[in-house]
Amino acid sequence: MGFPANIGELTKTIIAGVIGFAVGAVIIMLYGYDPISAYQALFNGAFGDLYSFSESLANATPLVLTALTFAIGFRGGMFNIGAEGQLYLGALATVAVSFFHLPSAMGFALSLICAVFAGAIWSLPVAILKATRGVHEVISTIMLNWISQFLCFYLIAKILVDPQRAEKTISVAQGVRMPLLVPGTSLSYGIFLSFFAAIIVYLLLWRTVIGFDIRATGHNPLAATYAGIEKWKIILFVFITGGLTAGLAGAVHVMGRPPVYAIYSGMPSIRGLGFEGLAVAMIGRNHPIGIIFAAIFFGGLLAGGRMMQLSAHVPLEMVRVVEGIVVLFLAIPELVQLLSFLRKIRPPLIFRSKRSQDEDRRRL
Amino acid sequence: MKQKSDQVEGKDDIILAGKGLCKGFPGVWEHLILDHIDIDVKAGEIHALLGENGAGKTVIANCLSGFYTLSEGQIYVKGKPVTLKSPRDGIRHGIGMVHQELALVKPFTVAQNIALGLPTSDLSFPLPEVENRVRQLSENYRLYIDPLARVEDLSAGEQQRAEIIKVLYHDPEILILDEPTSLISTDAEHLFEALNSMATMGYGILFITHKIEEALEIGDRVTILRLGKSMGTRETAKTDKTELVKLMFGEHTPVQLERKPVKSNNIVLDVKNLEALAADEEPALQGVSFSIREGEILGFAGISGNGQSELAEVITGMRRATKGQVIIHGKDYTNHAPREIIRAGVAHIPEKRRAMGVIEPMTAAENVVLKDIRVPPFSKGSFLNKSQITRHTKEIVSRFGALVSDLWKSQTRILSGGNIQRLILGRETWRMPRCLVAVYPTQGLDAKAIDHTWELFMRLREEGSSILLVSEDLDEIMALSDRIAVMSKGRIVGIFEGGEAKREQIGLMIATGASKA
């Protein structure tokens with residue numbers, strides 16, 4: 001079932017978006033600003049001219065990839081929120097390659113390879129713990145996200161630090177940077193890498209045997225086992241693939257985002273990209289092609305929000321509120337599904353009532 | 001409480017009638033679900049509606065109570081034409097329906113459940129009022145139940161009483177019960193008493209069942225449905241079982257199955273001293289041993305819930321054995337993964353067809369190749385071969401007469417149980433498996449499809465497949481099996497040779513659980 005064939009879903013998304021913008025308009029008005037000029041500024045800032053559209057696409061570039069991480073997991077019935085931590089390590093791995101002064105082609109390739117490997121390695125404990133011990137991925141990914149964050153703080157401050165400027169890492173070598181697609185903007189050729197990854201994931205899920213097995217497991221694990229699908233293989237595959245795209249997101253961002261091509265301490269430029277990817281995945285209904293459009297939209301919101309603040313004089317906080325409302329409304333159709341999904345997750349033993357424990361036992 | 005006595009005087013008044021009722025769902029079934037049905041219910045009578053699974057009984061009930069809208073036809077309440085657009089309309093016209101599947105919120109009390117469904121909800125929640133009313137109703141109709149009891153603590157029979165009281169709360173004059181005995185096979189007498197006394201009070205009751213004996217016992221009149229058509233209405237006093245069987249199933253004589261004796265002595269499936277736990281961690285299998293030879297059908301008779309489903313699951317790798325051995329073709333497969341057992345040539349028609357047999361959100365084509373997708377020609381390398389899958393699915397669908405509107409678009413969820421069963425049968429048998437574990441293989445199929453399935457099983461047997469057949473239908477077991485095992489409480493209490501088995505003897509053994517003397 002391809003995405004365009006699913007007109008019903010598309011209509012749902014559009015309706016949700018319209019409602020979201022309407023509610024946002026009411027709030028803007030309540031606080032005494034003009035919603036029409038605010039939205040005009042938002043649109044102009046997002047898609048108004050080549051420059052703003054390029055900025056929107058630049059924002060979308062890593063989001064497509066972190067959204068894919070979540071979407072692959074979700075299709076397999078797993079709730080992978082580990083993109084955040086995997087992305088940090090991917091970004092740092094890219095920087096680390098520039099530590100060694102390699103020829104540019106080799107450095108470029110090695111940067112990407114190290115980044116995806118770093119992401120994948122960071123997802124391995126999650127997969128292994130889940131496959132062997134049944135540790136729920138929400139718990140393990142959250143823990144690993146924190147570990148990753150502090151590990152990266154350490155690496156930025158101590159190992160990869162720029163000798164001249166202590167607040168940042170060394171910059172990625174010239175030859176390793178992705179060329180800009182539109183000069184004078186932040187948009188690099190990395191966007192094609194993102195789109196390419198989305199198409200690969202689409203083909204993987206709907207055209208291959210492993211994709212079939214992933215979707216079967218996601219829809220009905222019992223029937224999947226009955227059909228001879230081995231769940232541990234699916235778990236490993238889903239998390240490793242997710243780690244690959246998350247790591248790639250880190251690389252694409254560091255290699256393709258001017259002006260710094262480095263990471264500052266506290267990682268302000270990449271923090272949150274993993275979780276924003278989750279929102280993008282929800283808006284794109286966890287479909288790779290939907291995710292492309294959702295990421296561009298989300299990137300546009302971020303780019304346009306700045307314009308809304310500058311030209312319509314809506315305060316930044318209000319901009320964030322409106323953005324949040326729109327995203328929330330857009331995610332509602334998928335959130336409903338997500339909630340029913342989360343209900344199936346068994347809470348840790350100590351939080352469970354006697355009754356639900358009995359139910360659990362019966363279910364097994 | 002409204003007085004019902006005024007209606008008792010006009011005892012033969014028709015209070016609910018349907019004329020020319022039609023209902024069709026496109027693409028799901030070969031005939032109209034309801035094909036110009038006339039039916040009426042008189043005040044003070046119990047009208048039984050009898051038919052096989054899939055005959056359209058529940059659809060009639062849903063149409064008469066406003067859950068479904070009609071495609072054609074007219075409903076009359078007390079002679080006046082009415083249009084029912086929703087269950088609320090049904091309630092307004094005094095029609096209450098008790099569904100086959102109970103719709104109660106388990107952690108709530110009986111009274112809370114009833115309060116949930118009240119038409120007006122203001123801030124003053126009338127719980128004490130509801131409780132009193134429930135006590136009163138349960139006294140009046142001898143449907144004893146404690147309004148303060150939590151639903152999850154109640155037995156199936158009590159839950160059903162709660163459901164009936166929920167409907168009675170709205171003061172209906174007509175009560176429709178959809179297969180009320182399916183959940184409470186042991187406790188039916190109480191329900192029948194209550195229904196009879198309600199009929200004397202002047203209610204009109206439409207009682208839906210697929211059991212002929214029940215229709216004869218409880219009904220004043222009985223209407224027989226077959227494949228969406230009414231086969232006529234009879235007074236139960238003036239009819240008998242033979243006539244009803246004929247109306248229900250048509251002039252259908254079961255296929256004559258020819259069989260040659262089992263040729264081979266090769267043991268395909270050997271089960272030794274198997275033990276396993278049920279979902280509630282109670283022992284489900286307690287030392288089960290048997291073996292099946294090449295080209296042999298071993299039938300497992302017994303009331304469901306005596307370990308048959310667990311046995312099938314342990315053999316196919318879906319449930320852990322706590323003790324004992326499963327040996328397939330001389331190799332130990334105890335507690336191996338389903339994947340390996342499938343590779344060993346064991347096919348499995350599971351009991352839970354919707355939960356285990358198919359993946360409902362996926363398409364028919366995907367479900368037909370659920371197990372075969374990993375091998376050529378359905379995939380080449382890692383990639384799916386859609387055209388081969390389509391070709392194969394078309395073949396299975398047409399060979400097994402499944403009605404599937406679109407192989408690649410619509411979810412399997414929308415198919416009827418019988419059509420899903422056809423897809424599963426096709427998927428599990430087209431390769432001529434060496435060993436087939438079939439649990440209730442003909443559930444939800446019509447008589448013709450059952451014949452085909454039986455013939456298919458005999459053909460598999462001729463080809464040398466070993467079949468473990470679990471069925472509640474003794475006719476099916478008797479017709480197909482070379483040997484018949486009777487299970488009771490997780491043990492095999494007797495194994496008969498097909499020829500020597502006497503129906504009565506097996507029936508008695510099933511009923512008492514006593515072993516062969």
Side-chain angles (χ1 to χ4, degrees), chain A residues 1-9 74-77 131 200-234 237 241 285-287 337 340-341 344 353-364, chain B residues 106-107 150 152-153 277-282 313 316-320 337-343 346 348-350 352-363 366-367 369-376 378-386 389 406 408-413 424 427-428:
Chain A
M1 286 186 291
F3 189 76
N6 235 333
I7 296 299
E9 295 294 301
F74 196 81
R75 290 281 167 186
I200 295 284
V201 170
Y202 171 78
L203 294 176
L204 177 85
L205 284 173
W206 275 278
R207 295 278 189 273
T208 67
V209 177
I210 182 82
F212 179 92
D213 290 355
I214 290 173
R215 288 183 296 121
T217 308
H219 284 308
N220 185 342
L222 181 72
T225 309
Y226 157 81
I229 297 168
E230 284 160 306
K231 191 156 186 212
W232 66 269
K233 280 187 191 161
I234 302 300
F237 190 89
T241 319
R285 305 302 179 77
N286 290 302
H287 191 293
Q337 212 193 331
S340 71
F341 176 88
K344 289 182 214 154
S353 65
K354 176 78 176 62
R355 191 173 354 114
S356 81
Q357 285 178 38
D358 291 344
E359 267 170 25
D360 274 356
R361 229 176 294 132
R362 233 169 293 144
R363 210 178 302 146
L364 286 173
Chain B
K106 288 201 167 157
R150 295 216 298 193
E152 61 192 346
D153 299 329
L277 300 178
D280 55 8
E281 288 184 14
E282 295 298 317
E313 286 178 10
T316 53
M318 295 299 292
R319 179 180 296 279
R320 283 194 69 78
R339 186 189 198 104
E340 292 167 52
I341 293 167
I342 293 168
R343 284 221 187 102
V346 179
H348 179 197
I349 297 168
K352 306 169 196 140
R353 57 186 162 192
R354 281 185 191 272
M356 196 195 280
V358 292
I359 297 178
E360 286 194 302
M362 294 178 95
T363 62
E366 288 174 313
N367 273 301
V369 293
L370 194 57
K371 282 185 174 176
D372 300 308
I373 199 155
R374 275 156 284 279
V375 293
F378 306 115
S379 57
K380 278 188 215 145
S382 320
F383 289 92
L384 306 185
N385 187 341
K386 257 189 158 170
I389 296 174
D406 191 307
W408 282 104
K409 282 218 181 82
S410 37
Q411 299 189 349
T412 308
R413 195 194 305 280
I424 296 175
R427 183 184 67 208
E428 299 303 314

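To find a chain, count down the sequence lines: A is the first, B the second, and so on, and within it residues start at 1. Note that this is a predicted model, so its numbers are computed, not measured.
The part of B/Arg427 that comes within reach of chain A is its side chain, from C-beta onward, which places non-hydrogen atoms under 4.5 angstrom from that chain. Heavy atoms closer than 4.5 Å to chain A are found in both the backbone and the side chain of B/Leu370. Contact annotation for A/Leu203: neither backbone nor side-chain heavy atoms come within less than 4.5 Å of a heavy atom of chain B. Contacts of B/Arg354 with chain A are made by backbone atoms alone, with heavy-atom separations under 4.5 Å and no side-chain atom involved. Only the side chain of B/Glu428 comes within less than 4.5 Å of a heavy atom in chain A; its backbone stays farther off. Residue contact with chain A, scored on non-hydrogen atoms closer than 4.5 Å, involves the backbone and the side chain of B/Met356 alike.
Atom CZ of B/Arg413 has more than 12 heavy atoms from other residues, nucleotides or ligands within 6.0 Å.
Looking at heavy atoms from C-beta onward, A/Asn220 lies out of side-chain contact with B/Met362 at the 4.5 angstrom threshold. Two residues are said to be in side-chain contact when any heavy atoms from C-beta on lie closer than 4.5 Å; A/Thr208 and B/Leu384 fail this criterion. Here the side chains of A/His219 and B/Glu366 are not in contact, with every heavy-atom distance at 4.5 Å or above.
Take B/Ile341 and apply the side-chain contact (heavy atoms from CB on, under 4.5 Å) test, not counting sequence neighbours, and it matches B/Ile328, B/Tyr333, B/His336, B/Val346. The ring pair (Phe, Tyr, Trp, His ring centres under 6.0 Å) check on A/Phe237 picks up nothing, with sequence neighbours excluded.
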* Step-by-step side-chain contact (heavy atoms from CB on, under 4.5 Å) determination, B/Ile359 to A/Arg215 -> CA-CA 10 Å; B/Ile359 297 178; A/Arg215 288 183 296 121; over 6 Å; no
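Taken from CD in B/Glu340 to CD in A/Glu230, the straight-line distance is 7.0 Å, to the nearest 0.5 Å.
A/Val209 and B/Ser379 get closest at one heavy-atom pair: CG2-CB, 3.4 Å.
Under the 3.5 Å distance criterion, the side-chain polar atoms of A/Tyr226 are left unmatched by any main-chain donor or acceptor of B/Ala355.
Note on A/Leu222, A/Ile229, A/Leu204: by heavy-atom pairs under 4.5 Å with chain B, the leading option is A/Leu222.
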